[in-house]
Amino acid sequence: MTMKMKAVAAGLGLAMMAAVSPAMAAKNKVCVFDILGAGGDVFNMTKDYALTAKGFGSELELEPFTDEKIASENFKTGQCDMLVATSFRTRAYNSVAGSIDALGAASVVKDGKVDMDLSYEVVKRTIQLFASEKADALMTSGNYQVAGIIPFGAAYLYTRDRSINSVEKLAGKKIASFDYDSAQKQMISKVGASPVSADISNFGAKFNNGSVDIIAAPAAAYKPLELYKGVGTKGAIARFPVAVLTYQIVVNKTKFPDGFATKSRDYWAKRFGDGLKIVHNAEKAIPAAAWMEIAPADSVKYTVLLRESRVDLAKSGAYDPKTLNIMKSIRCGVNRADSECATKNEL
């Protein structure tokens, strides 16, 4: 090879190196919150995701966190390019996606009972809608972009005293409330109970040691947080979902190739069934004796209460009204017979 040819080849090599995007030049750090750390179901799902993400133009480096606050702070300060956490934390980065978990927003009531299959269908259809490329604008807030949503299961009320079996009996009781979720505090005060400051890292312990009387949590938290200790022989889990929770993936879009978040949301939308299987397995693992059934009349009454509450919370800025309207439309799409479908009282 002549000197001239070597110079040309070297020039082409430098040009190709310059063309490589920053996102491909180094791994993207991912902060993953999982109660069980690297041994948890969420972290295991992200390991499979990391393999697929290479095809989207990014190599991911996963780091597990058992403290959600630290994971979120690391993302906020730029120590991570991606955050995998519950919507309680991710709502701060995108309120549209974060409002999927609004009180009762997914609940479909049929024959005086919340139909969980249809309720999860509402969540599924909402996630599919938000996964589309047309939803990019809604899924983007500044440099933050939603890159996936995973079902985490219905949040149920766990009580240390089974006699607390109605909303009226919540008055005066102490209920754990996450400081960073204004909706919880407002709802707890609305029913006459006392909100007690807590977060994901300690609310289970506060329930177990009696510092609070009641918590709201998904079935997936029952074993890891040993909530059976708080339930004991006198307590119960009310089989009525106050919300359907999700995990959400948020990225700093400046750190990823164009189109990454859209492809990623589509990936997670297609994995909805995998996430739901984990939810169902967690619910089946709870002993039948721990559950407390809710009377049909009360289910209807509580659903109306949650609806009124989330409307008020949206007006105060706790939830995004666009999401609530979208989810009402989807609820009525799967259950047109519901009386709410003839009204405009969502917002």
For residues I200 and T86, determine if any side-chain heavy atom of one lies less than 4.5 Å from a side-chain heavy atom of the other. yes

Reported CD1-to-CG distance for the pair I100 and L245, which is rounded to 0.5 angstrom: 11.5 Å

Test your reading of the model: is there a side-chain donor-acceptor pair from N44 to the backbone of K47, 3.5 Å cut-off? no

Modelled atom types, side-chain donor and acceptor of S201 and D67, under 3.5 Å: no

Please report the closest heavy-atom contact between R336 and C332, naming both atoms and the distance. CG-O, 2.9 Å

Contacts of type ring pair (Phe, Tyr, Trp, His ring centres under 6.0 Å), residue F152, not counting sequence neighbours: Y247

With side-chain contact (heavy atoms from CB on, under 4.5 Å) as the test, would you mind laying out the steps for M45 and I278 before giving the verdict? CA-CA 11 Å; M45 289 182 75; I278 293 172; 3.7 Å; yes

For residues K169 and N165, is any side-chain donor paired with an opposing acceptor at under 3.5 Å? yes

Once you measure the plane-to-plane angle for Y302 and F240, does it fall in the parallel (<30°), tilted (30-60°) or perpendicular (>60°) bin? perpendicular

Hits for ring pair (Phe, Tyr, Trp, His ring centres under 6.0 Å) against F203, two or more places apart or cross-chain, chain-then-number order -> F178

Do I249 and V146 have side-chain heavy atoms sitting under 4.5 Å apart? no

Residues pairing under side-chain hydrogen bond (donor to acceptor under 3.5 Å, both in side chains) where one sits in residues 212-223, two or more places apart or in two chains, turn out to be none

Spell out, as yes or no, whether a donor-acceptor pair under 3.5 Å connects the side chain of Q248 to the backbone of A97. yes

S177 side chain vs P195 backbone, donor-acceptor pair below 3.5 Å: no

For residues Y180 and S72, is any side-chain donor paired with an opposing acceptor at under 3.5 Å? no

For residues 136-145, run the donor-acceptor check on the side chains, cut-off 3.5 Å, and write out each pair with its distance to 0.1 Å, sequence neighbours left out.
unit_1, atom_1, unit_2, atom_2, d
D136, OD1, T262, OG1, 2.8
D136, OD1, R265, NH1, 3.4
D136, OD1, R265, NH2, 2.5
D136, OD2, T262, OG1, 3.1
T140, OG1, D136, O, 2.6
T140, OG1, Q145, NE2, 3.0

Using a 3.5 Å distance criterion without hydrogens, assess whether the side chain of K328 forms a donor-acceptor pair with backbone atoms of E340. yes

Could you tell me whether the side chain of R160 and the main chain of K234 form a donor-acceptor pair under 3.5 Å? no

Contact summary for I164 and T159, nearest pair of heavy atoms: CD1-OG1, 3.6 Å

Would you say the side chain of F272 lies within less than 4.5 Å of the side chain of Q128, judging by non-hydrogen atoms? no

Between CZ on residue F260 and CG on residue N28, distance to nearest 0.5 Å: 7.0 Å

Rounded at 0.5 Å granularity, tell me how far SG in C31 sits from NZ in K76. 14.0 Å

Closest heavy-atom pair and its distance - I237, Y158: CD1-CE2, 3.5 Å

Not counting sequence neighbours, which residues clear side-chain contact (heavy atoms from CB on, under 4.5 Å) with V108? List them please. K110, L118, S119, V122, R331, V334, N335

Evaluate the salt bridge (Lys or Arg N to Asp or Glu O under 4.0 Å) criterion for residues R91 and D320: first the C-alpha distance (whole Å), next the side-chain angles of each, then the deciding distance (0.1 Å), finally the verdict. CA-CA 10 Å; R91 192 181 301 152; D320 190 286; over 6 Å; no

Do Y93 and F75 have ring centroids that are under 6.0 Å from one another? yes

Taking the side chain as C-beta and beyond, is there a heavy-atom pair between E61 and K29 under 4.5 Å? yes

Donor-acceptor contact present, side-chain Y319 to main-chain A183, <3.5 Å: no

Short question: side chain of N209, backbone of A205 - any donor-acceptor pair under 3.5 Å? yes

Pair D266 + K270: basic N to acidic O under 4.0 Å: yes

Verdict with reasoning, E121 to R125, per salt bridge (Lys or Arg N to Asp or Glu O under 4.0 Å): CA-CA 6 Å; E121 181 65 21; R125 293 189 187 188; 2.9 Å; yes

Answer yes or no: is there a donor N or O on one side and an acceptor on the other, between the side chain of R310 and the main chain of G104, under 3.5 Å? yes

Find the distance between CG (L170) and CE (M187) and round it off to the nearest 0.5 Å. 8.5 Å

Salt-bridge criterion met for R271 and D274 (N-O under 4.0 Å): yes

Consider only side-chain heavy atoms of I, L, V, M, F, W and Y, link residues closer than 4.5 Å, and tell whether F65 and V84 are in one cluster. no

Using distance alone, with no hydrogens and no angle criterion, decide if N252 and K255 have a side-chain donor and acceptor under 3.5 Å apart. no

Would you check if the side chain of S189 reaches a backbone N or O of Q186 as a donor-acceptor pair within less than 3.5 Å? no

Check for a donor-acceptor pair, side chain of N202 on one end and backbone N or O of D199 on the other, with a separation under 3.5 Å. yes

Ignoring hydrogens and angles, write down the donor-acceptor pairs under 3.5 Å from the side chains of residues 287-299, residues two or more places apart or on other chains.
unit_1, atom_1, unit_2, atom_2, d
E293, OE2, R239, NE, 2.8

